[in-house]
Amino acid sequence: MSEDKKSLNFIEHIIEEDLENGLSSDKLRFRFPPEPNGYLHIGHTKAIGISFGLGESYNAPVNLRFDDTNPAKEEQEYVDAIKRDISWLGYKWANELYSSDYFQKLYDWAVLLIKDGKAYVDSQSSEAMAEQKGTPTQPGVEGPYRNRSVEENLDLFERMKNGEFDEGEHILRAKIDMQHPNMLMRDPLMYRILKKSHHRTGNEWCIYPMYDWTHGESDYIEQVSHSLCSLEFKPHRPLYDWFKHNVYDYAKEDLPMLPKQREFARLNLSYTIMSKRKLLKLVEDGIVNGWDDPRMPTISGLRRRGYTPESIKLFIEKVGVAKRENVIDVSLLEFCIREDLNKSANRVMAVLDPVKVVITNYPEDKEEWLEAENNQEDESAGYRKVPFSREIYIEREDFKEEAGKKFFRLQLGGEVRLKNAYIIKAESVVKDENGIITEIHCTYSEDTEKKVKGTLHWVSIKHAIKAEVREYDRLFMNESPDAHKDKDFMEFINPNSLKIITGYVEPSLKDAEIGERFQFQRIGYFNVDDDSKSDKLVFNKTVGLRDSWAKQKPKPKQTNQNKPKQQPKRPAISIIQQLGKKYTNLPEEKQLRTKAEIQELAKKVSYEELEPWFGTAMKKVGTRIATLITLKVLLNTGQKRNDAINEFIQKCKDDKNDLLVKESADL
RNA sequence: UGGCCUAUGGUGUAACUGGUAACACGUUGGUUUUUGGUACCAAAGAGUCUAGGUUCGAGACCUAGUGGGCCAACCA
């Protein structure tokens with residue numbers, strides 16, 4: 001038993017409750033059901049994390065089931081991409097399944113529903129049916145084919161399957177209630193004719209089942225215990241249950257478990273979008289370079305950008321699970337990747353906006369290879385050598401001719417440490433005709449023990465390697481680009497989301513491999529892009545380091561001197577009740593300590609304060625025990641018995657909780 | 001002329017049986033530091049949308065209101 005069990009989200013509460021009510025934990029089974037019609041994005045990661053995470057914590061199987069009921073949109077390419085992304089995240093599915101595997105079974109059940117008068121073939125145009133369906137505020141009306149005979153329905157449905165009709169001529173509908181307040185219950189479609197080849201079943205079928213009919217029954221066939229999906233499927237639940245209960249009659253011997261659909265709020269991330277359709281538009285319009293563009297919120301984009309599976313899992317864990325609409329601040333995602341990379345990424349030096357420094361007292365032809373620690377967060381990362389010479393690059397913004405005391409970097413007459421090397425002092429500058437500094441002349445000192453405030457990164461000019469560096473900014477300039485009714489999300493596109501620059505990196509990076517991640521010291525985390533070649537390195541900036549210096553520039557806001565409010569002293573009785581609330585959950589030893597604490601506090605409680613607590617609800621045993629302990633203290637210190645006390649004691653004696661009975665035994 | 005869901009610091013999530021709000025990110029200070037990073041310490045910031053009600057006691061339960069979301073694809 002873990003001491004402090006971490007708080008559960010509402011889905012975990014539901015599962016715990018089911019388990020308490022007799023569901024055997026070996027019956028737990030989950031699934032992740034993507035439609036193979038696009039790439040997975042960070043929003044899907046939440047759903048993946050929930051179902052696969054539950055599978056891990058309850059040691060239950062999780063199926064990967066492709067909801068492939070619409071051959072018009074689905075492709076094998078997406079199946080492969082989805083499998084790749086889930087595997088990359090580190091999850092293992094129990095079975096790789098397809099809804100299309102169940103087409104025959106679904107068909108057989110549909111025939112049974114027809115026979116039972118619970119489904120019928122409709123032969124109207126989609127417009128006519130839409131009209132009869134009504135609107136959310138107006139009930140629907142029944143169509144002319146609703147009461148066809150079972151025989152006719154059976155005949156038509158079979159001929160639909162046999163390909164005797166064209167697309168749109170007939171459909172199969174469930175017969176439920178055209179007046180139902182929930183529009184999904186107004187005789188929803190179960191099958192449509194689609195003369196398209198399916199990525200798995202080829203031309204075997206020309207009728208395809210709809211989502212509601214397929215999804216729930218697939219869950220049922222797989223004996224999924226908890227079918228978790230996002231909030232927009234909440235209105236589908238009555239239909240999910242309707243199908244489920246009707247099919248149960250046909251299959252209950254083989255398939256005893258009735259799955260339970262529960263819905264959670266999907267993930268939204270600030271400054272980006274999560275709609276597959278809209279992401280596709282960014283790809284098609286050439287706003288980004290494909291689904292895996294590092295600016296995309298897709299899993300493949302994040303991977304290329306340098307995110308790790310661990311960082312994404314951490315993020316999902318921190319985001320939580322609930323039922324209200326939410327927008328997560330990207331700063332949380334950035335925190336998670338920094339958290340991970342700080343521990344694992346080797347430090348290297350790279351100068352992205354160089355200015356030349358000449359160390360005038362360092363010999364022209366001398367060079368030294370100095371030792372540098374790879375990662376001070378990880379001793380096993382070891383050391384490497386970096387070359388030093390008379391001419392180096394530093395970052396242009398690390399030098400000012402004159403600056404204040406708060407500028408810890410290089411200024412004329414000032415000293416600064418070069419990381420892993422010497423301390424230098426700026427003596428003079430050389431400028432071009434426009435007044436731009438082209439060289440900074442410095443002298444160095446070999447005394448590296450000296451205290452100096454600033455430390456700069458640098459590269460030796462003659463040893464440095466040129467590299468292409470891609471810096472990314474948010475894709476949209478609005479926090480919720482697709483949440484505006486009057487504005488299209490495309491209006492918010494940030495035209496400067498990609499900046500390509502040439503940087504100079506230390507020579508140890510020469511053989512860096514695609515995907516390898518580094519910290520460019522004092523700048524940020526970078527990884528080697530897929531486009532990188534041995535003669536032309538390409539780096540992506542994953543995320544910058546936190547920069548509290550940059551934050552100083554916007555002037556400090558006024559501090560509101562709010563006096564800390566005087567906390568009124570809490571009455572002892574209130575603390576006692578709080579202790580009591582947890583009492584029954586405590587391990588025995590702690591219980592004894594708590595009891596002593598209550599007895600101590602009880603000395604400060606008056607009878608008048610205590611009496612109202614006699615009315616505590618029966619089920620709150622802990623609180624009643626605490627009350628009883630307190631009462632006993634009062635009785636020992638002279639409180640007389642009265643009716644209320646006697647009644648309370650009697651109730652305690654009669655209780656079915658042992659602890660409470662035991663506590664009242666000596667009264 | 002409807003139905004369903006939802007409302008807790010800036011953001012997200014907690015608060016198990018009703019017992020007077022916690023954690024994380026962010027923010028602000030400080031300590032350490034050969035990264036203005038990391039680590040560590042501290043602080044500010046909500047009295048739980050509003051109004052009634054039940055109760056000795058409500059963030060939690062009930063009713064109504066208000067705000068937000070979802071529902072009218074032969075999509076999933």
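Values in this document were obtained by computation on a predicted structure and should not be read as measured data. All chains are named by letter (A, B, ...) in the order of the sequence lines, taking the proteins before the strands, and each is independently numbered beginning at 1.
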Pick the C1' atom in B:G57 and in B:U11, then give their distance to the nearest Å.
32 Å
Separation between the C1' atoms of B:U20 and B:U55, rounded to whole Å
15 Å
RNA chain B in dot-bracket, Watson-Crick or G-U pairs under 3.5 Å, [ ] crossing, | other strand?
.((((((..((((.....[..)))).(((((.......))))).....(((((..]....))))))))))).....
Could you give the CG-to-C1' distance, from A:D329 to B:U13, as a whole number of Å?
14 Å
Check this for me: A:E131, atom CD, are more than 12 non-hydrogen atoms of other residues, nucleotides or ligands nearer than 6.0 Å?
no
C1' atoms of B:A43 and B:C70, separation to the nearest Å
41 Å
Counting only side-chain heavy atoms from C-beta out, which of B:A14, B:U38, B:G36 sits nearest to A:E377?
B:U38
Looking for any heavy atom pair under 4.0 Å, which part of the strands does A:R417 touch: base, sugar-phosphate only, or nothing?
base
Electrostatic pair A:E371:A:R384 at N-O distance under 4.0 angstrom:
no
So, does A:H13 get its side chain near the phosphate of B:A15, meaning an N or O under 4.0 Å from OP1 or OP2?
yes
Parallel, tilted or perpendicular for A:Y107 and A:F157, by the 30°/60° rule?
parallel
Assign A:R347 to base, sugar-phosphate, or nothing according to its heavy-atom contacts below 4.0 angstrom with the strands shown.
base
At under 4.0 Å between heavy atoms, what does A:K196 touch on the DNA or RNA strands: base, sugar-phosphate, or nothing?
nothing
B:G29 and B:G45, which share atom name P, separated by this distance in whole Å
16 Å
Look at the side chain of A:N420 and decide which nucleotide, out of B:U34, B:U13, B:U35, has an atom nearest to it.
B:U34
Below 4.0 Å: OP1/OP2 of B:G36 and any side-chain N or O of A:R522:
yes
What integer number of Å spans the C1' atoms of B:A58 and B:U63?
15 Å
Taking the basic N atoms (NZ, or NE/NH1/NH2) and the acidic carboxylate oxygens, is any pair closer than 4.0 Å for A:R546 and A:E334?
no
How far does the C1' atom of B:A76 sit from the matching atom of B:A44, given to the nearest Å?
46 Å
Would you say A:K318 places a side-chain N or O within less than 4.0 Å of OP1 or OP2 belonging to B:A24?
no
Using a 4.0 Å heavy-atom cut-off, does A:E334 contact any base of the nucleic acid, only the sugar-phosphate backbone, or nothing at all?
nothing
Would you find a donor on one side and an acceptor on the other, under 3.5 Å apart, between the side chain of A:D482 and the backbone of A:S275?
no
Consider the side chain of A:S331, meaning its heavy atoms from C-beta on, and name the nucleotide among B:G19, B:U35, B:C25 that approaches it most closely.
B:C25
Could you tell me whether A:F407 contacts a base, only the sugar-phosphate backbone, or nothing, with contacts defined as non-hydrogen atoms closer than 4.0 Å?
base
Regarding A:L332, tell me which of base, sugar-phosphate or nothing describes its non-hydrogen contacts under 4.0 Å with the strands shown.
sugar-phosphate
Could you run through nucleotides 63-76 of chain B and give me one letter per nucleotide, 5' to 3': B if any protein heavy atom sits under 4.0 Å from the base, S if only the sugar-phosphate is that close, - if neither?
------S-BB-BBB
Under 3.5 Å, side chain of A:K195 to main-chain N/O of A:G163, donor-acceptor pair present?
yes
Rounded to whole angstrom, note down the P distance from B:C74 over to B:A60.
42 Å
Fit a plane to each ring of A:W458 and A:F388, take the angle between them on a 0 to 90° scale, and name the class: parallel (under 30°), tilted (30 to 60°) or perpendicular (over 60°).
perpendicular
What pairs with A:N268 under side-chain hydrogen bond (donor to acceptor under 3.5 Å, both in side chains), at least two apart in sequence or on another chain?
none
May I have the distance from A:D547 (atom CG) to B:G26 (atom P), rounded to whole angstrom?
14 Å
Whole-angstrom distance between B:G26 and B:C41, as gauged at atom P:
16 Å
Using a heavy-atom cut-off of 4.0 Å across all strands, would you classify A:R186 as base, sugar-phosphate, or nothing?
nothing
Under 3.5 Å, side chain of A:N375 to main-chain N/O of A:R347, donor-acceptor pair present?
no
With the stacking rule set at 5.5 Å and 30°, tell me whether A:F408 counts as stacking on B:G36.
yes
Classify the angle between the aromatic ring planes of A:Y208 and A:F103 as parallel (below 30°), tilted (30 to 60°) or perpendicular (above 60°).
perpendicular
Would you say that more than 12 heavy atoms from the other residues, nucleotides or ligands in this model lie under 6.0 Å from the CZ of A:R266, or not?
no
Counting any heavy atom closer than 4.0 Å, what does A:V452 reach on the DNA or RNA strands: base, sugar-phosphate only, or nothing?
nothing
